[in-house]
**Student:** 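Mind looking over this structure? Questions follow.
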Amino acid sequence: MLYVSTRNANEKVSASQGILKGLAENGGLFVPEQIPSLNISIEELANMTYQETAYEVMKLFLTDFTEEELKTCIRNAYDEKFDTEEIVPLKKAQDAYYLELFHGATIAFKDMALSILPHLLITSARKNKVKNDIVILTATSGDTGKAALAGFAGVEGTKIIVFYPKDGVSPIQEKQMVTQKGDNTFVVGINGNFDQAQTGVKQMFSDKDLAKEMEIAGYQFSSANSINIGRLVPQIVYYVYAYAKMVKTGEIKTGENINIAVPTGNFGNILAAFYAKNMGLPIGKLICASNENKVLYDFFSTGTYDKNREFILTSSPSMDILISSNLERLIYHIAGNNAKKNELLMETLQKEGKYEITSEMKEQLTDFYGNYAKEQESAATIKEIYQETGYIIDTHTAVAATVYKKYKKDTQDTAKTIIASTASPYKFTRSVMTAIDEKYKSRPDFELIDELEILSGVNIPQAIEEIRMAEICHKTVCEVEEMQSVVKQFLKMK
């Protein structure tokens, strides 16, 4: 299995090379030359653990890893760092099935892939006889940052630098990042938004002069963002696992179509579901849920992707994104895997801030349904689900639950639906508790955590307990244009 750049048909790499590079030469993303078919029955998968399922899915994509290498990576990733043996439990509330992707070390879905990425990366480095230290350079809208820091902290031969929008993450997300220990970790707040952080990181990746300087200093960049195929492939696993578990519990019959609703910002999580569908998993609709930064909803409605709009800070900050990087992989696919065609669209996006797909391409988007949730709608959904069932969801999951309700109303589709529950409510305590009752609005964040434990009946996660009294280790804040010099300072290249 080779991976090709979405912007250059001649740039092809193995899985391990793609994981190491993170981003293709001219800013393109690596995609598999063809999406493999699941070659194991749902009945067999239904009796497998999460780890066994992960091997069956990932071996189809990471074909230059030996069985022992891949199984070791999986074993080291999905262990007692997760607070449940199931790794991803499914909980039914009202008429949907919530796939809880937040039982890892940092209580967000990013743990699912970022627990394994360091192991895949170090294995890839050994395979390709890399002598340089690998510098993980990443931008975060809140969750990727801490999950990547937790995954890479203390990993020999790596350093990790995380940029986040200083005023664009929740207080708990920020505290999780800035209290991260580890000599190889560096966290920087930028005076700007996530899109600016992400653009700055991409520019550093494609800066040839910087790459030469890094090489002389004994470093090379790689990415922990979902632009890295080492992030994307592990995300396919949990959709396959969830479907098989629903068969095992008798919720669905083998071959029965389900829908999947995903709160979507950078498009990676829903793209993984799209890959699972193309592998043969019986998925009907992929429900793409946006918050008030509804660039994806507008794209699915009109065929025009336009980031020229106001950037809105919402209570679901991990989705406050106007440049959805992973959408490029879908665009490449619906352009008939035509790198030239895709490259022209991406150039237009860079120059004009928008592009329009052809009507033929738009016809290939029928797998998707897009809609968005306003702030007050998401808050109302949190309250309603809690009052009716006692189950408490976070603000991002609430966006997906709200859009799922709109989908059902629009289509009358009664197929069973999995909602990707992407973060623990403990990560966004203030927004969640205020949605349930306005009386919590003025209470301190960590007091609200104790209240949430009482209301939900779910123990306070270790990730939250750890940061209550944790010392702040990272205090650097910079302007967008200072990002590169800050990186050089940390790496002692100045």
**Student:** Strictly by modelled atom types, are Ser325 and Lys202 linked by a side-chain donor-acceptor pair under 3.5 Å?
**Tutor:** yes
**Student:** Please examine the side chains of Met361 and Lys341, heavy atoms only from C-beta on, and report whether any two atoms are closer than 4.5 Å.
**Tutor:** yes
**Student:** Atom CD of Glu86 and atom NZ of Lys245: how far apart are they, to the nearest 0.5 Å?
**Tutor:**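 NZ of Lys245 is found 8.5 Å from CD of Glu86.
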**Student:** More than 12 heavy atoms of other residues, nucleotides or ligands under 6.0 Å from CG of Asp167: yes or no?
**Tutor:** no
**Student:** Do Asn26 and Glu11 have side-chain atoms, one donor and one acceptor, less than 3.5 Å apart?
**Tutor:**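 Result is no, nothing qualifies.
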**Student:** Do side-chain atoms of Ser222 reach the backbone of Leu20 as a donor and acceptor pair under 3.5 angstrom?
**Tutor:** yes
**Student:** Any side-chain donor paired with an acceptor under 3.5 Å for Ser315 and Glu375?
**Tutor:** yes
**Student:** Would you name the heavy atoms of Phe102 and Ser421 that are closest together and state the gap between them?
**Tutor:**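 It is CE2-OG, 3.4 Å.
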**Student:** Does the side chain of Thr395 pick up a donor-acceptor pair with the side chain of Ser316 at under 3.5 Å?
**Tutor:**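 No pair is found: no donor N or O on one side chain lies under 3.5 Å from an acceptor on the other.
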**Student:** Check whether any side-chain heavy atom of Gln173 lies under 4.5 Å from a side-chain heavy atom of Asp143, and answer yes or no.
**Tutor:** yes
**Student:** Any side-chain donor paired with an acceptor under 3.5 Å for Asp64 and Ser16?
**Tutor:** yes
**Student:** Within the side chain of Asp306, is there an N or O that forms a donor-acceptor pair under 3.5 Å with the backbone of Lys354?
**Tutor:**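 Side chain of Asp306 to backbone of Lys354, a donor-acceptor pair under 3.5 Å: no, none is there.
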**Student:** Heavy atoms only: give me the nearest Leu313-Gly168 pair and the separation to one decimal.
**Tutor:**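 So the minimum-distance heavy-atom pair works out to CD2-CA, 4.0 Å.
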**Student:** Identify the two heavy atoms, one from Leu99 and one from Tyr238, that lie closest to each other, and give their separation to 0.1 Å.
**Tutor:**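 Nearest heavy atoms, Leu99 then Tyr238: CD2-O, 3.8 Å.
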**Student:** Strictly by modelled atom types, are Lys146 and Gln180 linked by a side-chain donor-acceptor pair under 3.5 Å?
**Tutor:** yes
**Student:** Indicate whether the side chain of Ser41 and that of Glu44 have a donor and an acceptor atom separated by less than 3.5 Å.
**Tutor:** yes
**Student:** Rounded to the nearest 0.5 Å, how far does OG1 of Thr72 lie from CG of Leu120?
**Tutor:** 11.0 Å
**Student:** Passes side-chain contact (heavy atoms from CB on, under 4.5 Å), Phe61 versus Ile236? Steps please.
**Tutor:** CA-CA 10 Å; Phe61 287 91; Ile236 301 166; 3.6 Å; yes
**Student:** In the structure I gave you, are the side-chain heavy atoms of Glu174 and Lys166 within less than 4.5 Å of one another anywhere?
**Tutor:**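 Yes. Closest side-chain heavy atoms under 4.5 Å.
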**Student:** Measure the spacing between CG of Leu281 and CD1 of Ile258 and express it to the nearest 0.5 Å.
**Tutor:**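 Going from the CG atom of Leu281 to the CD1 atom of Ile258 covers 6.0 Å.
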**Student:** Distance-only, no hydrogens or angles: does the Gln196 side chain make a donor-acceptor pair with backbone N or O of Val480 under 3.5 Å?
**Tutor:**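 Judged by distance alone, no pair lies under 3.5 Å.
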**Student:** Assess whether atom CD of Gln350 is packed by more than 12 heavy atoms of other residues, nucleotides or ligands within 6.0 Å.
**Tutor:**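 Not buried by this count: 12 neighbours or fewer within 6.0 Å.
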**Student:** Please check: side-chain N/O of Lys277 versus main-chain N/O of Ile283, any donor-acceptor pairing under 3.5 Å?
**Tutor:** yes
**Student:** So, Lys285 side chain and Thr366 main chain: donor-acceptor pair closer than 3.5 Å or not?
**Tutor:**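 Such a contact is found between Lys285 side chain and Thr366 backbone.
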**Student:** Has Glu156 got more than 12 heavy atoms of other residues, nucleotides or ligands less than 6.0 Å from its CD?
**Tutor:** no
**Student:** Out of curiosity, Ile161 CD1 to Met204 CE, how far, rounded to the nearest 0.5 Å?
**Tutor:**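 It is 7.5 Å, given to the nearest 0.5 Å.
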**Student:** Spell out, as yes or no, whether a donor-acceptor pair under 3.5 Å connects the side chain of Ser37 to the backbone of Asn39.
**Tutor:** no
**Student:** Would you mind reporting whether Met112 and Pro234 have side-chain heavy atoms less than 4.5 Å apart?
**Tutor:** no
**Student:** Please walk me through it: do Lys127 and Glu69 pass salt bridge (Lys or Arg N to Asp or Glu O under 4.0 Å)?
**Tutor:** CA-CA 10 Å; Lys127 274 182 175 311; Glu69 284 170 340; 2.7 Å; yes
**Student:** Say whether, by atom type as modelled, one donor and one acceptor occur between the side chain of Asn184 and the main chain of Phe152 under 3.5 angstrom.
**Tutor:**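 Indeed, once roles are kept as given, a pair shorter than 3.5 Å links the two residues.
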**Student:** Closest approach of Met319 and Thr264, non-hydrogen atoms and distance?
**Tutor:**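 Shortest heavy-atom separation between Met319 and Thr264 comes out as CE-N, 3.4 Å.
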**Student:** Do the rings of Tyr369 and Tyr407 sit parallel, tilted or perpendicular, given the 30° and 60° boundaries?
**Tutor:**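 Because their plane-to-plane angle is over 60°, the rings of Tyr369 and Tyr407 count as perpendicular.
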**Student:** Do the rings of Tyr50 and Tyr241 sit parallel, tilted or perpendicular, given the 30° and 60° boundaries?
**Tutor:**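 Plane angle over 60°, so perpendicular.
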**Student:** Looking only at heavy atoms, which two atoms of Leu62 and Leu70 are closest? And how far apart?
**Tutor:** CD1-CD1, 4.0 Å
**Student:** Answer with yes or no whether the side chains of Glu343 and Asn8 bring together a donor and an acceptor at under 3.5 Å.
**Tutor:**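 No, Glu343 and Asn8 have no side-chain donor paired with an acceptor closer than 3.5 Å.
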**Student:** Let me know which of Leu117, Ile116, Ile122, Leu121 forms a side chain to side chain contact (heavy atoms under 4.5 Å, CB included) with Cys73.
**Tutor:** Ile116
**Student:** Keeping the roles fixed (side chain from Ser115, backbone from Asp111), state whether a donor-acceptor pair exists under 3.5 Å.
**Tutor:** yes
**Student:** Using 30° and 60° as the class limits, which term best fits the ring planes of Tyr78 and Phe82: parallel, tilted or perpendicular?
**Tutor:**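 Tyr78 and Phe82: tilted rings.
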**Student:** Rounded at 0.5 Å granularity, tell me how far CG in Leu491 sits from CE in Met214.
**Tutor:**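 With rounding to 0.5 Å, CG (Leu491) is 5.5 Å from CE (Met214).
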**Student:** For Ser318, does its backbone N or O pair with a side-chain atom of His396 as donor and acceptor, under 3.5 Å?
**Tutor:** yes
**Student:** Taking atom types as modelled, find out whether Asn228 and Arg231 have a side-chain donor-acceptor pair closer than 3.5 angstrom.
**Tutor:**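 Result is no, nothing qualifies.
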**Student:** Testing the 3.5 Å rule here: is there a donor-acceptor pair between the side chains of Asn266 and Asn326?
**Tutor:** no
**Student:** May I ask you to check whether Glu328 and Thr6 show a side-chain donor-acceptor distance below 3.5 Å?
**Tutor:** yes
**Student:** Please tell me if the side chains of Leu210 and Lys488 come closer than 4.5 Å, counting only heavy atoms from C-beta onward.
**Tutor:** yes
**Student:** If only side-chain N and O atoms count, and only distance matters, is there a donor-acceptor pair under 3.5 Å linking Thr106 with Gln176?
**Tutor:** no
**Student:** Centroid separation under 6.0 Å, is that true for the rings of Phe30 and Tyr3?
**Tutor:**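 Ring centres of Phe30 and Tyr3 not closer than 6.0 Å.
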**Student:** For Asp320 and Thr314, indicate whether the former's side chain and the latter's backbone hold a donor-acceptor pair under 3.5 Å.
**Tutor:**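 Here the side-chain-to-backbone pair exists.
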**Student:** Quick one, Asn337 and Glu33 - any side-chain contact, counting heavy atoms below 4.5 Å?
**Tutor:** no
**Student:** State, with a plain yes or no, whether a side-chain heavy atom of Met1 is found less than 4.5 Å away from one of Gln34.
**Tutor:**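 Yes. Closest side-chain heavy atoms under 4.5 Å.
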**Student:** When you look at Lys12 and Gln17, which way does the side-chain contact (heavy atoms from CB on, under 4.5 Å) test go after all the steps?
**Tutor:** CA-CA 9 Å; Lys12 293 184 183 181; Gln17 289 167 336; over 6 Å; no
**Student:** Measuring only between side-chain heavy atoms, which start at C-beta, is Ile270 closer than 4.5 Å to Phe368?
**Tutor:**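 Yes, side chains in contact.
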**Student:** Are Phe274 and His333, when compared by the centres of their aromatic rings, separated by less than 6.0 Å?
**Tutor:** yes
**Student:** Taking the six-membered ring for Trp, is the centroid-to-centroid distance between Tyr275 and Tyr239 below 6.0 Å?
**Tutor:** no
**Student:** Nearest 0.5 Å, please: how far is CD in Gln235 from NZ in Lys110?
**Tutor:**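 Output value for this atom pair is 8.0 Å.
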**Student:** More than 12 non-hydrogen atoms from neighbouring residues, nucleotides or ligands closer than 6.0 Å to CG on Asn308, yes or no?
**Tutor:**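 More than 12 within 6.0 Å, yes.
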